[in-house]
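One structure is given below, encoded as structure tokens.
Below, chain A is the first sequence line, B the second, and so on; all start at residue 1. Predicted model only: the values in this text are computed from it and were never measured.
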There are 2 protein chains.
Amino acid sequence: MSPTEPKKTDDAPRRYHHGDLRRAILSAALDVIAADGPSALSLRDLARRAGVSHAAPAHHFKDRTGLLTAIAAEGFGLLAAALNEASDLKDAGVRYVRFAREHPAHFQVMFTPELLRGDDLELTTGRALAADALREAVSAVRAEDFGVDSRLAGVAAWSLAHGFATLLLGHNLDGAVGDRDPEEVFRTLATTLFRSV
Amino acid sequence: MSPTEPKKTDDAPRRYHHGDLRRAILSAALDVIAADGPSALSLRDLARRAGVSHAAPAHHFKDRTGLLTAIAAEGFGLLAAALNEASDLKDAGVRYVRFAREHPAHFQVMFTPELLRGDDLELTTGRALAADALREAVSAVRAEDFGVDSRLAGVAAWSLAHGFATLLLGHNLDGAVGDRDPEEVFRTLATTLFRSV
DNA sequence: AGCACAACTTGACACTGACAAGATTGCCCG
DNA sequence: CGGGCAATCTTGTCAGTGTCAAGTTGTGCT
């Protein structure tokens with residue numbers, strides 16, 4: 001689309017004037033988002049933190065949407081990697097929740113589509129990788145054990161894990177979880193719900 | 001907190017210069033949010049749509065956060081009303097999903113805490129109303145049927161419904177749901193998962 | 001060595017949220 | 001019934017932001 005864009009996104013780490021500005025800005029952005037959400041993100045503020053001029057970030061991410069899209073794409077990659085190590089569906093759910101807790105900024109941005117460039121290549125491939133990983137985990141539970149549609153099992157598992165993770169990050173489960181380990185709470189919860197499938 | 005604020009929030013409809021500016025701005029805001037998310041919200045744009053000056057909205061909502069907080073509070077009220085009519089836990093879940101589809105802007109704002117004034121009175125009371133409604137629906141399913149903790153049943157049901165609704169609004173289930181009625185999909189899904197509790 | 005290009009800077013413009021201070025309007029109460 | 005008064009809205013302003021355009025600096029390659 002835009003031939004002016006560098007597009008050498010993640011080859012080797014850059015060693016230029018700044019060092020690795022792209023990573024520095026990504027990292028600062030993740031801090032800000034984790035603390036105050038994507039709406040608190042300011043490119044100029046990120047530039048200030050990195051000690052560069054206010055327009056420097058644009059060279060790496062084109063614009064605000066580009067930065068958030070890069071974060072989402074990275075997040076889907078990380079999520080796919082995490083899910084690919086799951087032993088079964090329940091374990092995949094636990095890893096999903098763990099991912100959301102360990103990468104809250106990624107998680108939040110990944111599922112806020114109006115902030116993203118939906119047709120971005122790295123984003124769509126990352127999303128596809130994560131979807132494949134989920135499908136793989138779901139394939140372990142036999143279709144006839146669950147219901148008519150095998151995809152329904154995937155939707156159910158995804159909904160449960162995603163809802164739990166989302167509510168957790170929004171501090172909506174603080175009372176119910178208490179001081180227990182959220183992942184353990186989710187495990188027992190998933191075991192109870194899925195015990196018969 | 002702020003004694004300058006009018007605070008006569010929702011008595012009778014105002015009949016002043018504009019007519020009912022407060023409602024007009026709320027309504028326009030809901031349109032914008034439903035279409036492009038909360039980050040696309042601009043007070044000046046809302047003022048323009050309502051045909052008033054750029055600073056008029058501030059008189060009704062103090063600032064951007066105030067507007068979003070009012071939306072969230074209204075949303076929790078609507079959700080509580082919907083849940084209070086539920087016949088059982090599964091029906092509450094279906095109504096939860098229906099609420100999210102019918103009021104996507106409310107839903108989105110309600111669960112984005114960093115956009116809200118968390119200590120706002122109307123918000124906290126609205127949230128408490130909705131929480132009560134959920135607890136009421138959960139109380140129908142007996143604790144020993146589910147597991148040790150009865151609250152766990154609430155967390156499970158809430159997570160499932162919230163995750164399904166969130167993924168649905170984000171168009172993450174378009175493929176799996178197809179052209180079926182999402183509420184029906186959720187109903188079968190919840191029936192399968194909760195059939196034994 | 002020098003050239004092409006990536007990385008960054010400087011400057012500008014339109015837009016936004018927020019605040020202060022003034023103008024207008026309907027309502028209440030004497 | 002009319003005068004004050006408070007709620008409603010306007011005007012003006014300021015700092016901050018995203019984005020674009022054009023210039024500058026450094027780097028690796030040939």
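Here the closest non-hydrogen pair linking A:Ala56 and A:Val52 is CB-CG2, 3.6 Å.
In summary, A:Glu184 and A:Arg98 do not engage in a salt bridge, as defined by a charged side-chain N under 4.0 Å from a carboxylate O. Using a 4.0 Å cut-off between charged side-chain N and carboxylate O, B:Arg23 and B:Glu74 make a salt bridge. Using a 4.0 Å cut-off between a side-chain N of Lys or Arg and a carboxylate O of Asp or Glu, A:Glu183 and A:Arg95 do not qualify as a salt bridge.
Across the protein-nucleic acid pair, A:Leu43 atom CG and C:dT16 atom P stand 17 Å apart, rounded to whole Å. Atom P of nucleotide D:dT8 and atom CD1 of B:Ile25 are separated by 12 Å, given to the nearest angstrom. What separates CG of B:Leu46 from C1' of C:dT16 is a distance of 12 Å, to the nearest Å. Counting to the nearest Å, the C1' atom of D:dG18 and the CZ atom of A:Arg117 are 13 Å from each other. Look at CZ on B:Arg49: it is 11 Å from P on C:dT16, rounded to the nearest Å. In this structure, A:Lys62 places its NZ atom 9 Å from P of D:dT19, rounding to the nearest Å. A straight line from CZ of A:Arg64 to C1' of D:dG16 spans 13 Å, rounded to a whole angstrom. Spacing between atom CG of B:Leu21 and atom P of C:dT24 amounts to 19 Å, rounded to whole angstrom units.
Phosphate proximity of C:dC15 to B:Arg48: absent, as no side-chain N or O sits under 4.0 Å from OP1 or OP2. Of the side-chain N and O atoms in B:Ser42, one or more sit less than 4.0 angstrom from OP1 or OP2 of C:dG17.
Here A:His103 pairs with A:Phe99, A:His106 under the ring-ring contact (aromatic ring centres under 6.0 Å, His included) rule; sequence neighbours left out.
When heavy atoms are screened at a 4.0 angstrom cut-off, A:Leu41 is found touching the sugar-phosphate backbone but no base atom.
Atom CG of A:Leu168 and atom CG of A:Asp174 lie 7.5 Å apart (nearest 0.5 Å).
Side-chain contact between B:Tyr96 and B:Leu134: absent, with no pair of heavy atoms (C-beta onward) separated by less than 4.5 Å.
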Protein proximity profile, nucleotides 10-15 of chain D - base contact B, sugar-phosphate-only contact S, no contact -, cut-off 4.0 Å on heavy atoms: BBBB--
